[in-house]
Amino acid sequence: MMMNDLIHVAPDAQLAVAERRIGGVVLDLQNISLSFGGVKALTNISFDVREHEIRSIIGPNGAGKSSMLNVINGVYHPQEGRIMFRGELRQKMEPHVAAAQGIARTFQNIALFKGMSVLDNIMTGRNLKMKCNLFQHALYWGRAQKEEIEHRLKVEEVIDFLEIQDIRKTPVGRLPYGLQKRVELGRALAAEPSLLLLDEPMAGMNVEEKQDMCRFILDVNDQFGTTIVLIEHDMGVVMDISDRVVVLDYGKKIGDGAPDEVKNNPEVIAAYLGTSH
Amino acid sequence: MSESTGQAVHLAALDTFPRLLMHHASVRPNRPAMREKEYGIWQTHSWAAVAQNVRAIACGLAELGFRRGDRLAIIGDNRPRLYWSVAACQCLGGIPVMLYQDAVAQEMIYVLQDAEIQFAVVEDQEQVDKMLEIEAQVPLLRHVVYDDPRGMRHYTQTLLMGLDALQEMGHSHDRNHPDFLDAEIDKGASDDVSVMLYTSGTTGKPKGVCQTHGAFIAAATGGMEFDRLTDREDILSYLPMAWVGDHLFSFAQAMVAGFTINCPESGDTVMTDLREIGPTYYFAPPRVFENLLTQVMIRMEDAGPVKRKLFHHFMDVARRCGADILDGKPVSAGDRVQYALGDFLVYGPLKNVLGMSRIRVAYTAGAAIGPDLFRFYRSIGVNLKQLYGQTETCAYVCLQPDGQIKLDSVGKPAPFVEVRLDDKGEILVKGPMLLKAYYKRPDATAESINADGYFMTGDAGFFDEDGHLKIIDRAKDVGKLNDGSMFAPNYIENKVKFFPYVKEAVTFGNHRDCVTAFINIDLEAVGNWAERKGMAYSGYTDLASQPAVYELIRDCIEKVNADLAADPKMSGSQIRRFLILHKELDADDGELTRTRKVRRNFIAERYGALIEALFEGRKSQHIETLVKYEDGREGRISADLRIEETKTFAPHAAARAA
């Protein structure tokens, strides 16, 4: 009967969404080398990131993980190598261009405006989407007003998503570390990125906060289909939530593949797992 | 005037909740029935909209195969759509069964089995996961409908369905059978069971209390007349829906009086939401009032010296004359001027911060409230009153009338209620608000209602000279010390708990030589105290074992002892020894009920070694306990607990000192 139809249609539609999760390559890094003077940060590194996947970069301290992330969003310009983003070659790019292309990121050391409220901090993530000029915003009339309301709605959706309604008006500086990290994720999400770069999102968190953060990362990936590149120290976390993992050591790539493959790679065990435990 | 008499005539026919709902939808279609904060903005649902939605949910449930007399489990925070599901279920002649939303899955099995639940409406993924976890143990469960679709995309179980889809289904059902629901509502009768509320299970397995439409409507009408409530009241609904208090205040009274209920954005935003709504009518257990006051006091300690001085000065004024002004008693002109100034400078802003500026009537119940706490709210002009009732009596037995407030009584019998004491001092009540039966437990029903139709509350109490009822303790908890003097554990524990540093206390003494106690410190209050003293601590367990904290708690207990010594009936039950527990008593470990009442027997069993050590007068005792974390995992903590002696007072000396 009709009742049965309704019940059966819904799961099928859900399956369809689940299956087209991982798509083609969106970001392809080929033979990237980066050095600062005589210091070689990255040597001849190649890997790719596929649409809708969670891609992790792991490695011991100083392996070049953050440098890699900075290369992706245009803060550093590698001396050698090619970067293909959505099928287009790019060589030199400024961070704001990366942001305009839908790349958002969070930082290892929290980079929020401490004196501003959570709401305002997340609102800054909407910056690139704001079309009105300063003068129009100051008058808060017509288009500016309409725009502000739209942005606020988006920000409120992020707040709801991250379950931080109770601290909406609290200055960020007064929040515990774990929550600040969540706010920073919120600011990145407010930009509605297609590619999200997370620099050690779980660093310095307790077990419960880590679990929460994992859930949010998975939810972001699942609900918005956002592609996520993640740097992380915590091996357990990485292995649980990543689709594929790149392992760096002293600026070189020593492993690449699904979490299970990487875990069993002898070179990785020697460089990372073996020494850190 | 003519409108109100017209309404009175009408009210006779409004003997079920669905009829009341449809009545409001036609009489005040555009008045707000519910508000909910979503995306930071309060969204209003008018009575007409609520009726529409209830209609859709009811028809959707009918389409799923929900029949007259079926039970519908409802699990979640106070969301409008869950309240609508309650009403929708009642429209179909079904019986809503609310479960405590923070219970772990295993604890839900019993109620789901006992009530033979086939249909459940739950709030979100968290609750859905619980249902799926215990699916095998509750084979009757056929449909689980969820309100919030977040995170639910990959769930493919055929048992699941979104509430949106259900409402959609209901809409088309309603279009095809436009007379169906009205006919269903017409079949309802006043003595049909309208809701099943499970007792908290302080004593044994929870029992399903079947209450009729008539019972809750009587309780709501009585309360409404008693406090002259109108359809203009605003109430914040944030207490568990499974609790009888929430059902009376947020559902029954709102349905009878037609006032507005407001659902907070999330459990953590209640304080902010309270301030934004500014309810006119408020109900909370004492612990909520206590938390509010603790927060105020902590923040006042951190305030600048001028503000602090101002605060304490005017609080003294309020303590002197505030309650009398509220009760309309004569107060000197000087005090009135002082109080008015205090209202402008301190009480007014304070009430505003607490969200209590507009409160006309506030009630507290569920546990005893500390005299200082009670006096504090009354003295700043919040009309806080106490009521007394049980799940079995729709939380409606005694109410304190305006202007006749006593700290230690629960007021006079409410309209339509008869209260009697039996020869052992147990309180017996009779009236239209009594339960119809315990679900599938004729034995328990027969046991709790005597031959004359009185419900035996199990509480011991007495009437004072003004006819106000005073509660001492649970009748069965009242025991005797070996020397024959009375031992009323709750009475003593409440006295100890009135100190802000003490969160929970459990006393022992029945058939013993003396009284001893377990103490749980209040981490926030003691933590703040420790911070001010510059003490370092790493967490609850560490703080609880510090000698200075023992010192602090001993002071509190000795004050209680002095107080007890002054009361000839209680002077024998002064606390002789105590220890501070290494962990907080927790409902997840089965030590408290979900309404946070101490489960005495369970604790006595679990910590038997500690109790023996207390009575043997040992200096310390090792203990290892299994704890359950919120996500269901288990762990162990162990500690060596110190036991300390306290000073006791001779009855005469204390009387002289007092």
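Just so it is clear, the values below take in all heavy atoms, side chains as well, and ignore hydrogens, waters and symmetry mates. Letters A, B, ... are given to chains in the order of the sequence lines, protein chains preceding strands, and every chain is numbered from 1.
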Atom [atom1] of [X] and atom [atom2] of [Y]: how far apart are they, to the nearest 0.5 Å?
X      : Y      : atom1 : atom2 : value
B:T272 : A:R168 : OG1   : CZ    : 8.5 Å
A:L153 : B:I41  : CG    : CD1   : 7.5 Å
A:D160 : B:E38  : CG    : CD    : 7.5 Å

My understanding is that only residues two or more places apart in sequence, or in another chain, count here; which of them pass side-chain contact (heavy atoms from CB on, under 4.5 Å) with A:F224?
A:F161, A:V220, A:T226
For a 4.5 angstrom cut-off between non-hydrogen side-chain atoms, does A:Q165 reach B:D268?
no
Over all heavy atoms of both residues, which pair between A:Q223 and B:R150 is shortest? Give the atoms and the distance, please.
OE1-CG, 4.0 Å
Does atom [atom1] of [X] have more than 12 heavy-atom neighbours, drawn from other residues, nucleotides or ligands, at distances under 6.0 Å?
X      : atom1 : answer
B:R142 : CZ    : yes
A:K114 : NZ    : yes
A:R215 : CZ    : yes

Any salt bridge linking A:E156 with B:K37? Criterion: basic side-chain nitrogen under 4.0 Å from a carboxylate oxygen.
no
